[in-house]
Structure formats: C-alpha cells, structure tokens
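For reference, the structure discussed in these notes is given below.
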Amino acid sequence: MLKLGVLASGRGSNFQAILDAIRDGRLKAQVQVLITDNPQAYAIQRARAAGVEALFIDPKGFSSRDDFYVRIAEELRARGVELVLLAGFMRIVRRPLLEAFPMRVMNIHPALLPSFPGLHGQAQAAQYGVKISGCTVHFVDEGVDTGPVIIQAAVPVAPQDTEESLAERILALEHKIYPEAVRLFAEGRLRVEGRRVLIEGYQLPQGVLVNPPLTA
Ligand code: GRF
C-alpha cells in the first residue's frame, strides 16, 4: 500500500478528495500524516475525522527556510512516506524536501500550466480572457509550478466568469484528477523522462475540443 504524506495550509478540499478516494477503494494508498504550517487549517479537522495524524510545524521555529524543510522531510521519512502531496500548501518547497523525495512530490495547480502559475491562477485566467482553463497535477521542482506535468483537465471559460465562478468549476475537476494522478503513481504507471511524464496504458482521446463549440 502506497504511503502518502500530505502538506496543506488551508481548507484541504483536495486532501479530502484523496481521503474519499481511499475510503471508496478507488485509490489503494494510506495517508500517514497531514503536515500543516497553519494551526487554523481546516485540513486538520479533515485529518482528525479520517483518523489521520495531523502535525503542525511552525515555520517560525527555524533559523532558515531550508531547516523547515529538513524537518518536514524527517517527519515524513519517520512515517515511511513514499509520495508527498501538496494540497493547497502555500509555500515554495525547497531543496531539502525535494532531495529527500526526488520526483516524489506532487502538486495540484488551478490553471493549465505553464499558463498562470503562482497565486490566483483562476483570477489570472478570468482576467486574461482565455476561453479554456483548467487544472494541472505536476511533479514539483524548485521553480514555481514548473515541474513535469502529469495530468491536466480543461474547463470552458465564459466572458462573465469571475474568479469565484471559475474557481468553483475548476475545483470540481481538481478533485477528480488529483486522486487519479496518485492512483497512476500507486500503480507504477508514471515514468518521468526529462520534462515528460509517460503514462503506461494511456490512450489519446479522439476528436478535437473547441470552445465555444463550432456551429454547423
Ligand atoms: C486549490 O485551488 C489548489 O489547486 C491550489 O490551492 C487550492 C487548495 O484548495 N493549489 P484546497 O485547500 O485543496 O481546498
């Protein structure tokens, strides 16, 4: 059984989607620990409700940012964690964690990377006026949302969309693709070659998507 560690700073709805997939038998994994940098994070309640250990690590308690990640890596390793999931973790992950878990840290981002990295990907997309946005699960590297892409899913964007309306549409898809990416990892079906993540058994969907749909 794949052992997961989750890092979250807030609401934790993606963490919940992982917990639900495990509970429903869609994902053969177990969450060993939730680590948070925010003692108020609602994710802590979700962990408790699921019987998962919740651990608050105060970033202010370290003399350097690297030391904070050394500690996180130690806590994860002590619990046998094999894959680390960032789920609304509002910090740039630094080298000590990435070196402890090479190509073993995933993140979910609410835009189609490399468009709209960083904060407020939904607002950036709505303001830019793109017709399609979506979400991306990727392996984490030292950049901001720059690591190899594992799965993406797209949603249409309407001119009247606000950050909130678009975020809601995207979030529903986040909750589908994050557990799916973890499942592919758990099944040993992901292989990273440079920037590309190859998915064993993947079939290219047929057809072309156009937004707005073409009229006859
Ligand atoms: C999500 O939009 C995710 O894509 C981004 O942060 C948000 C976290 O939401 N990285 P939640 O805490 O999982 O509800």
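All ligand and atom numbering here is 1-based and tracks the order in the structure.
Between Arg77 and Glu74 there is no salt bridge, since none of the side-chain N atoms of the basic residue sits less than 4.0 Å from a carboxylate O of the acidic one.
The two residues Ala87 and Val6 come nearest to each other via the heavy atoms CB-CG1, 4.0 Å. Among all heavy-atom pairs drawn from Ile170 and Ser133, the shortest one is CD1-OG, 4.2 Å. For the pair Gly118 and Asp145, the tightest heavy-atom approach, listed with the atom from each and the gap, is N-OD2, 2.8 Å.
Relative orientation of the Phe89 and Tyr69 rings is perpendicular, given thresholds of 30° and 60° on the angle between their planes.
Ligand 1 lies under 4.0 Å from heavy atoms of Arg11, Gly12, Ser13, Asn14, Gly88, Ile108, His109, Pro110, Gln122, Glu174.
Within the hydrophobic cluster formed by Ile, Leu, Val, Met, Phe, Trp and Tyr side chains joined at under 4.5 Å, directly or through other members, Leu198 stands alone, with no partner residue.
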